[in-house]
Amino acid sequence: MRTQVAIIGAGPAGLMLAQLLHSKGIESVILESRTRAEIEETIRAGVLEQGTADLMRELGVADRMNRLGQVHDGIEFRFHRKGHRINLNELTGGKRVTIYAQHEVLKDLISARIATGGEILFNVGDVRLLDVDTESPRVQFRRDKDGELEELVCDFIAGCDGFHGPSRQHIPQHARTEYSEVFPMSWLGILAEAPPSSPELIYAHHDRGFALVSTRSPEIQRIYLQVDAHDDLGNWSDERIWSELHRRLETDDGWTLIEGPIIQKNIVGMRSFVCDPMQYGRLFLAGDAAHIVPPTGAKGLNLAVSDVVVLAKGLEAYYKQGNAAWLQAYSEICLRRVWKAERFSNYMTALLHRHANYSPFQRQIQLAELDYVTSSPVGLASIAENYVGLPIDWRRS
């Protein structure tokens, strides 16, 4: 087999890259270790930045998002039993976010890929990247995980296979620096059959810990609460979860959290990770293969999308103009945005969570910061600008 770009992984980065390349007339093949059902049935939250939603529309894959997604003009920070709305739309000159689950985005992109006749191989195994530092990289794999070993010859490899995938390991250790931070808290997330408790997301800070009220649909709600990083799901009965959420979210104005049957619950760890550089030879990392952000800033999927926008621009310049300069600048351009997203996500995590190791002095500083950002035009604008998504900085050295 031969193609121009071999894409390892059918997550947000890999599928969006394939659609971008198709729109530019560039061939690609996607190799994915999971089945289609596994991808589409893994429920993940999703806050789409303005730029991500706009790209979905530009690529013609936004019909379901336009029907089912919920456009939000603001978010709420809640502390001291009082809500403080941040008007994203007014503060950013008309930008918004769209609440549309990641697995729904993946369904749309998979359907579009198949409709255009693009090749996507699910359930492959034994994926090996070869000769990534030459002009003829190759990928070996087995169909259906136990089939014959096959080889895909290509011009470039896009490693979109997540943190645990094989791609990043093909950047030699001496050629990469990895930065990481593991947080001492996790999120316990639930899906509940209930109508929305709020028209917009609520980020709540409380002495007992953080809570987040999100939404999935008019009938299904996504809600999170902060727990210890080593906590066990068995410690959290449905009754305890609702009791704790009521405590952390209650306000003096009588706002009420609407309960319903919990149909799913899980605990999600929190960490930050960045690999520098994001490229080696003709291998380019994108999405979680290159970086992880804590979920507080809602940046994971959006960073994956911005990565592949940069990569697609570089590949288009290479194939249509013979210009490799944009590909050479890939890491530099992507990492500027990655580190700004890491900064914002870590800031939101530090601002909104209860930190067991904080001294009374540090606790008061945290509360003062919350008071500042919700009462200062500059503070509000900074939160809004980062939340709806910073533009890609296309400068090259």
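Residues take their numbers from the sequence shown, with the count starting at 1. What you see is a predicted model, and the numbers here were worked out from it, not measured in a lab.
Side-chain atoms of Phe344 and Thr349, non-hydrogen and from C-beta on, never get closer than 4.5 Å to each other. Residues Met1 and Glu119 form a side-chain contact, since some pair of their non-hydrogen atoms from C-beta on lies under 4.5 Å apart. With a 4.5 Å cut-off on side-chain heavy atoms, Val378 and Tyr372 count as touching. At least one side-chain heavy atom of Val293 sits under 4.5 Å from a side-chain heavy atom of Leu303. Within the 4.5 Å cutoff, no side-chain heavy atoms of Arg128 are placed close to those of Arg138. Met278 places none of its side-chain heavy atoms less than 4.5 Å from the side chain of Ile333. The shortest distance between side-chain heavy atoms of Ile292 and Ser272 does not fall below 4.5 Å. The side-chain heavy atoms of Lys313 and Tyr318, taken from C-beta on, include no pair separated by under 4.5 Å.
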Quick one, Glu316 with Lys24, criterion salt bridge (Lys or Arg N to Asp or Glu O under 4.0 Å). Give me CA distance, side-chain angles, the key distance, then yes/no.
CA-CA 7 Å; Glu316 182 181 30; Lys24 301 174 187 299; 3.3 Å; yes

Any chance you could lay out the ring-ring contact (aromatic ring centres under 6.0 Å, His included) test for Phe210 and His353, step after step, and finish with the verdict?
CA-CA 5 Å; Phe210 168 78; His353 290 73; 4.5 Å; yes

Please evaluate residues Asp238 and Lys265 with respect to the criterion salt bridge (Lys or Arg N to Asp or Glu O under 4.0 Å), reporting the C-alpha separation (whole Å), side-chain torsions for both, the decisive distance (0.1 Å), and the verdict.
CA-CA 9 Å; Asp238 292 2; Lys265 52 186 172 181; 2.8 Å; yes

Step by step, work out the side chain to side chain contact (heavy atoms under 4.5 Å, CB included) result for Val105 and Met56.
CA-CA 9 Å; Val105 174; Met56 296 271 289; 4.1 Å; yes

How far apart are the C-alpha atoms of Glu38 and Arg36, what are their side-chain angles, what is the distance that settles it, and do they pass the salt bridge (Lys or Arg N to Asp or Glu O under 4.0 Å) test?
CA-CA 5 Å; Glu38 287 171 336; Arg36 180 177 180 179; over 6 Å; no

Show your working on salt bridge (Lys or Arg N to Asp or Glu O under 4.0 Å) between Arg337 and Glu49 and close with a plain yes or no.
CA-CA 14 Å; Arg337 196 170 195 272; Glu49 295 175 351; 2.9 Å; yes

Stepwise side chain to side chain donor-acceptor pair (under 3.5 Å) check, Asn302 with Thr52
CA-CA 6 Å; Asn302 297 292; Thr52 300; 2.7 Å; yes

The test is side chain to side chain donor-acceptor pair (under 3.5 Å); show your working for Ser28 and Arg113 and say whether it passes.
CA-CA 11 Å; Ser28 65; Arg113 176 71 174 176; 3.2 Å; yes

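Listed by first then second residue, pairs satisfying ring pair (Phe, Tyr, Trp, His ring centres under 6.0 Å) with a partner in residues 234-270 number zero, not counting sequence neighbours.
Under the 6.0 Å distance and 45° angle rule, Arg64 does not count as a cation-pi partner of Tyr100. For the pair Arg282 and Phe156, the cation-pi test (distance below 6.0 Å, angle within 45°) is passed. Taking the ring centre of Phe163 as origin, the terminal cationic atom of Arg168 falls inside the region bounded by 6.0 Å and 45° from the ring axis.
Between the side chains of Thr215 and Gln221, at least one donor N or O sits under 3.5 Å from an acceptor N or O. Side-chain polar atoms of Asp276 and Thr177 form no donor-acceptor pair below 3.5 angstrom. Defined by atom type and a distance below 3.5 Å, a donor-acceptor pair is missing between the side-chain atoms of Asp288 and His164. Defined by atom type and a distance below 3.5 Å, a donor-acceptor pair is present between the side-chain atoms of Asn66 and Arg57.
We find the NE2-CD1 distance between His230 and Ile267 to be 11.5 Å, quoted to the nearest 0.5 Å. The CG atom of Leu130 sits 12.0 Å away from atom OG of Ser136, with the distance rounded to the nearest 0.5 Å.
Heavy atoms only, all atoms of each residue included: Tyr330 and Asp307 are closest at CE1-O, 3.4 Å. Residues Ala53 and Leu48 approach most closely at N-CB, 4.5 Å, considering heavy atoms.
Annotation: Gln321, atom CD; neighbour count of heavy atoms from other residues, nucleotides and ligands within 6.0 Å is above 12. More than 12 non-hydrogen atoms from other residues, nucleotides or ligands lie less than 6.0 angstrom from CD of Gln264.
The pair Asp54-Arg96 fails the salt-bridge criterion, with no side-chain N (NZ, NE, NH1 or NH2) lying under 4.0 Å from an Asp/Glu carboxylate O.
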